[in-house]
Amino acid sequence: MKLTVWTYEGPPHVGAMRVATAMKGLHYVLHAPQGDTYADLLFTMIERRNHRPPVSYTTFQARDLGADTANLFKTALHDAFDRFHPQAMIVGSSCTAELIQDDPEGMAATLDLGIPVIPLELPSYQRKENFGSDETFYQIVKTIARPMERTAHVSANLIGPVGLGFRHRDDIVEVTALLEEMGISVNVVAPMDATPADIARMGAAHFNVLMYPEHAETAARWMEKTLGQPFTKTVPIGVGATRDFIAEVAQIAGVAPKADDGRLRMPWYSQSVDSTYLTGKRVFLFGDATHVKAMARVARDEMGFDVVGLGCYNREFARDIRKLAREFGVEALISDDYLEVEQTIEALAPEMILGTQMERHIGKRLGIPCAVISAPVHVQDFPARYSPQMGWEGANVIFDTLVHPLVMGLEEHLLHMFREDFEFHDDAGASHHGGAAKARAVEAEPDTDQEAAAAAAPAEGEIVWLSAAEKELKKIPFFVRGKAKRNTEKFALEKGVHEISVETLYEAKAHYAR
């Protein structure tokens, strides 16, 4: 654990909170100091939920450390039970409370409240948020679910959707529709909107659809072994993956595959001449492993992009991502340090980033368009409208997500190219008010030789861009401008040139074009 401005994952108790917040009839008692209640804001502000997470905190203060903080936990547990009357409870410590070693998990095991009280052992200083959600859901399922007679009709559980999940709410609708089209009903969706009573009847399903491995793979493997329920391995994000998912489900369930892809909007575009403007665009992908794996396939096989790099922040899936990177002929980046991610992006100089909220900020600083494809995300990526990632409609949403940044980027570049035009300069006002346009005074071009002579002598190894060269550099499209600048400076240093003129810029361009 380390202090940082941004983080891809919080501590594991936040992952447990994502499971608790997604469920109903479950309450989480968290042994935590005053101040750790910040996590409530993640759900009410970012996800825009209309209710607080079902979490009670002991909220001990500094003066309590000299007394018996264990009793504070017991009191909080009883108070939460009396107030909320949950069907089940989970208990654990925050990262700070873990240091005082009160063992709330052990204390909970000695209490008899007449409901399941599930202790969580989440090592805050070794593991992170996605581990917390996966382990919490596993412990809930392991404690409550039991073998039982299967439903008369073929059915499946959808497992993995949690609070603060990237488009999880809408993905459930899409996957449910895919299953129903093949005559398969949904038995339980969990954790999202499930109660402990729903968890108890998960064993009635014939198989499980593992929607998000980060949050439910351990539970899926336990149910496969203990309840005899196979689970799907394909995540239906993208056209090809959705078709593969349908085939996999049909094989598991013993039904005929059905795929009504009439809603797809991408095929017609792929066959049009307009799509050639985007073919071969160099993209870099980073996020959680599930979305990176799916979107890498979409980028290469369905959009015709050139994947120049990819990575993930959750180290539990490092092996999968390294294998994927080898298939794409690139080097995998496994890191939870956004500064390392930024350095990698800057070195690769892609034309677009597919990433998280962090990469969106990185893209803004580097002048590279970014499409958000993975959590962590901010409030704008929890839209009120229907906006799935999975299934046929999810493929349409992804199509828009990947095309719009590039199309808008081209428009911005054109406006930038003509920024000196009488109609588009900064003082001109809105272009559709043609009569109100103000002509810009034309300044005399400086004499390059005089300018160079007047410039102070650069220090050893320092590069100075002459104004005419800077002006010419700005005409280069924004998504490759950084790389052109670095290449030119490298060329200049190799030639012993410390002042870059227009001629130097074009000599460097010719050199690297060979």
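Treat the numbers as computed from the prediction; the structure is a model and nothing was measured.
Residues Leu164 and Phe43 are in side-chain contact: their nearest non-hydrogen atoms beyond the backbone lie under 4.5 Å apart. With a 4.5 Å cut-off on side-chain heavy atoms, Cys312 and Ile334 count as touching. Looking only at side-chain heavy atoms (C-beta outward), Asn130 and Tyr313 come within less than 4.5 Å of each other.
Under the side-chain hydrogen bond (donor to acceptor under 3.5 Å, both in side chains) criterion, Tyr212 pairs with Asp171, sequence neighbours left out. Residues passing the side chain to side chain contact (heavy atoms under 4.5 Å, CB included) test with Val292 are Leu285, Leu310, Ile321, sequence neighbours excluded. A search for ring-ring contact (aromatic ring centres under 6.0 Å, His included) contacts involving Phe286 returns Tyr8, not counting sequence neighbours. For the salt bridge (charged side-chain N to carboxylate O under 4.0 Å, His left out) test, no residue two or more places apart in sequence or in another chain qualifies with Asp301. Shown here are the side chain to side chain contact (heavy atoms under 4.5 Å, CB included) partners of Pro147, two or more places apart in sequence or in another chain: Leu227. The side-chain hydrogen bond (donor to acceptor under 3.5 Å, both in side chains) check on Asn314 picks up Glu214, with sequence neighbours excluded. Looking at residues two or more places apart in sequence or on another chain, you find a side-chain hydrogen bond (donor to acceptor under 3.5 Å, both in side chains) between Glu129 and Arg18. Checked against salt bridge (charged side-chain N to carboxylate O under 4.0 Å, His left out), Arg282 has no partners two or more places apart in sequence or in another chain. Partners of Arg52 under the salt bridge (charged side-chain N to carboxylate O under 4.0 Å, His left out) rule, at least two apart in sequence or in another chain, are Asp40.
Proximity of a side-chain donor or acceptor of Arg297 to a complementary backbone N or O of Gly238 within less than 3.5 Å is not detected. Side-chain atoms of Arg326 never come within 3.5 Å of backbone atoms of Ala332 as a donor-acceptor pair (strictly under, hydrogens ignored). Formation of a donor-acceptor pair under 3.5 Å by the Thr356 side chain with backbone atoms of Ala375 is not found in this model. Formation of a donor-acceptor pair under 3.5 Å by the Asp261 side chain with backbone atoms of Trp392 is not found in this model.
Of the charged side-chain nitrogens involved, at least one lies within less than 4.0 Å of a carboxylate oxygen, so that Glu174 and Arg263 count as a salt-bridged pair.
Separation of atoms CE (Met352) and CG (Leu402) is listed at 5.0 Å; rounding is to 0.5 Å.
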Evaluate side-chain hydrogen bond (donor to acceptor under 3.5 Å, both in side chains) for Ser133 paired with His215, printing each intermediate quantity in order. CA-CA 5 Å; Ser133 61; His215 308 302; 2.8 Å; yes
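With Ile368 as the partner, the side-chain contact (heavy atoms from CB on, under 4.5 Å) test is satisfied by one option alone out of Ile353, Ile362, Val283: Ile353. Applying side-chain contact (heavy atoms from CB on, under 4.5 Å) to Met211 and the options Ile159, Ile172, Thr290 leaves one that passes, Ile172.
A perpendicular orientation is assigned to the rings of His291 and Phe166, their planes being inclined by more than 60° (bins at 30° and 60°).
Judged purely by distance below 3.5 Å, without hydrogens or angles, the side chains of Ser93 and His31 never pair a donor atom with an acceptor atom. Between the side chains of Ser56 and His27, at least one donor N or O sits under 3.5 Å from an acceptor N or O.
Surrounding CZ of Arg319 are at most 12 heavy atoms belonging to other residues, nucleotides or ligands under 6.0 Å away. By the 6.0 Å contact criterion, NZ on Lys233 is enclosed, its count of non-hydrogen atoms from other residues, nucleotides or ligands being greater than 12.
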Residues 343-350 side chain polar contacts: donor-acceptor under 3.5 Å, at least two apart:
residue: Thr344; atom: OG1; partner: Glu340; partner atom: O; Å: 3.0

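Residue pairs satisfying the salt bridge (Lys or Arg N to Asp or Glu O under 4.0 Å) criterion with at least one member in residues 360-386, sequence neighbours excluded, are listed as follows: Arg167-Asp381, Glu342-Arg365, Arg360-Asp381. Applying the side chain to side chain donor-acceptor pair (under 3.5 Å) test to pairs two or more places apart or on separate chains, none has a residue in residues 176-186.
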